[in-house]
Number of protein chains: 2
Amino acid sequence: MPRQSHARASAPKKPTKQERLMAAAVRLFSRQGYAGTSVRDLGKALGIQPGSVYAHIDSKHTMLVQLIDSGIDQYLDAVAELPGTPTEQLRHFVEAHVRVVAEDVNRARVVYHQWRHIQPPDRARIVAKRYAYEQRLRDIIDAGIAAGEFATDLDRSTAVRAVLGMVNWCPEWLPADGSEPSEVVGAGLADLVLASVRVGHGAHHP
Amino acid sequence: MPRQSHARASAPKKPTKQERLMAAAVRLFSRQGYAGTSVRDLGKALGIQPGSVYAHIDSKHTMLVQLIDSGIDQYLDAVAELPGTPTEQLRHFVEAHVRVVAEDVNRARVVYHQWRHIQPPDRARIVAKRYAYEQRLRDIIDAGIAAGEFATDLDRSTAVRAVLGMVNWCPEWLPADGSEPSEVVGAGLADLVLASVRVGHGAHHP
DNA sequence: CCTACCGATCGGTAGG
DNA sequence: CCTACCGATCGGTAGG
């Protein structure tokens, strides 16, 4: 067993202190929350003094903003262009979302829940991005209804929120489910989503 | 049922200071998180001095434990006995869960996310209760598969987590959706859930 | 990146 | 329920 375990395999990526701080922030904000994480915790994670943290960051709040900004962008990028029919697009949407969650479940949890700690003026931009992502899903579902692929009596809002609920809950149990590859999990969730919105599954609630 | 100190049955009851503190904690923990809420915030909400808060509570942590303990019990009680076939039970489960969420979305958010701030030894009991609730849903789904009402190729774990995700995400959007009664929302979500697990909706992912 | 430090705030207590 | 206070910790800064 080599002492330099992860030394440059293909790309010599040595993380900067700033990158290491951001990685520590993801882990700590996820487990203890933004308010429950001190700048001293971040320094301790890198083995430096509390005051030294500010040689690499502007403020604790700026770290949160950058983390969530880039985090939401990962989701937006992943579903920006989806090929195929609305049915296929919806499958791709769910699978892409689960893939991004699985890449870093801690980051996912921070993006979903810690945005409430973001203060104006950054907050407005974050909320707008979240809405844009929801709108992306809504458009797919609308197209599916219009194309006759999804049930015509489907309630758009309920469907959008049900799908987002399913995929956004993943970080709560994905880590404890390391046995299954995330692609399998994503495909399984996509199956359930498609079954729930597809036409021909019988009458809805009377 | 344990003792109720001096509560009048079916009368306009005047909340005690302790009850008012718990109500304030629900609201503040939900919006700012447990760590982001100070005992001074709680005192301010009741118009009393910070130190006076301790005339009514033991500690901030005890408030969180009591809040989440009784909160989870609400969910367990709501689904303890569900009539009918597995299909009907699953519908009742979703509708009952959404009803409890709608009763107090702030409390729901605290129950779902702030339990991570609970320290041992209380933590073990909370985690066990959460697992018991999940097990309750798993049993219904297993019964539905065994009875031939749900798809035989349904993945139990995925189905359980998908359903929990849908209903547990409700507090994120229910407050913004005040126009629709929660019973309608619950029925709509139950429709989607039943459609996703029911037999005869076509082949799953190849 | 360290030492040394700032004023503010934290959860909680003593003694009325 | 108040006044007065405790030691600990907070986010952040000055000056090397």
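What you see is a predicted model; the values in this text were computed from it and never measured. Lettering follows sequence order; numbering is per chain, from 1.
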In whole angstrom, what separates [X]'s [atom1] from [N]'s [atom2]?
X	N	atom1	atom2	value
Leu42(A)	dT9(D)	CG	P	17 Å
Leu21(B)	dG12(C)	CG	C1'	15 Å
Lys60(A)	dC10(D)	NZ	P	9 Å

For Tyr75(B) and Phe93(B), I'd like to know if the aromatic rings sit close, meaning centre-to-centre distance below 6.0 Å.
no
Where each pair must be Watson-Crick or G-U wobble with both distances under 3.5 Å, what dot-bracket representation of DNA chain D is obtained, with crossing pairs in [ ] and other-strand partners as |?
||||||||||||||||
Nearest heavy-atom pair of Ile140(A) and Pro86(A): which atoms, and what distance?
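Looking at all heavy atoms of both residues, the shortest contact is CG2-O, 3.8 Å.
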Work out which heavy atom in His61(A) is nearest to a heavy atom in Ile118(A); give both atom names and the distance.
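That closest heavy-atom pairing would be NE2-CA, 3.5 Å.
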Does a side chain donor of either Tyr112(B) or His113(A) reach within less than 3.5 Å of an acceptor in the other side chain?
no
Just checking, any donor-acceptor pair under 3.5 angstrom between side chains of Arg107(A) and Ser70(A)?
yes
Taking the basic N atoms (NZ, or NE/NH1/NH2) and the acidic carboxylate oxygens, is any pair closer than 4.0 Å for [X] and [Y]?
X	Y	result
Arg161(A)	Glu172(B)	no
Arg125(B)	Asp122(B)	yes
Arg130(A)	Glu134(A)	no

Restricting both atoms to N or O, compile the protein contacts to nucleotides 1-3 of chain C shorter than 3.5 Å, with distance only.
| from | atom 1 | to | atom 2 | distance (Å) |
| --- | --- | --- | --- | --- |
| dC1(C) | OP1 | Lys17(A) | NZ | 2.3 |
| dC1(C) | OP2 | Lys17(A) | NZ | 3.1 |
| dC1(C) | OP2 | His56(A) | NE2 | 3.0 |
| dC2(C) | OP2 | Gln49(A) | N | 2.8 |
| dC2(C) | OP2 | Ser52(A) | OG | 2.6 |

Using only side-chain N and O atoms of Tyr54(A), determine if any of them is under 4.0 Å from OP1 or OP2 of dG12(D).
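Yes, because at least one side-chain N or O of Tyr54(A) sits under 4.0 Å from OP1 or OP2 of dG12(D).
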Aromatic ring pairing His117(B)/Tyr34(B), orientation class (parallel under 30°, perpendicular over 60°, tilted between):
tilted
Counting only non-hydrogen atoms, which of residues 29-41 of chain B are less than 4.0 Å from DNA chain C?
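Those residues are Thr37(B), Ser38(B), Val39(B), Arg40(B).
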Spatial distance of atom CZ (Arg91(A)) from atom CG (Leu194(A)) [nearest 0.5 Å]
5.0 Å
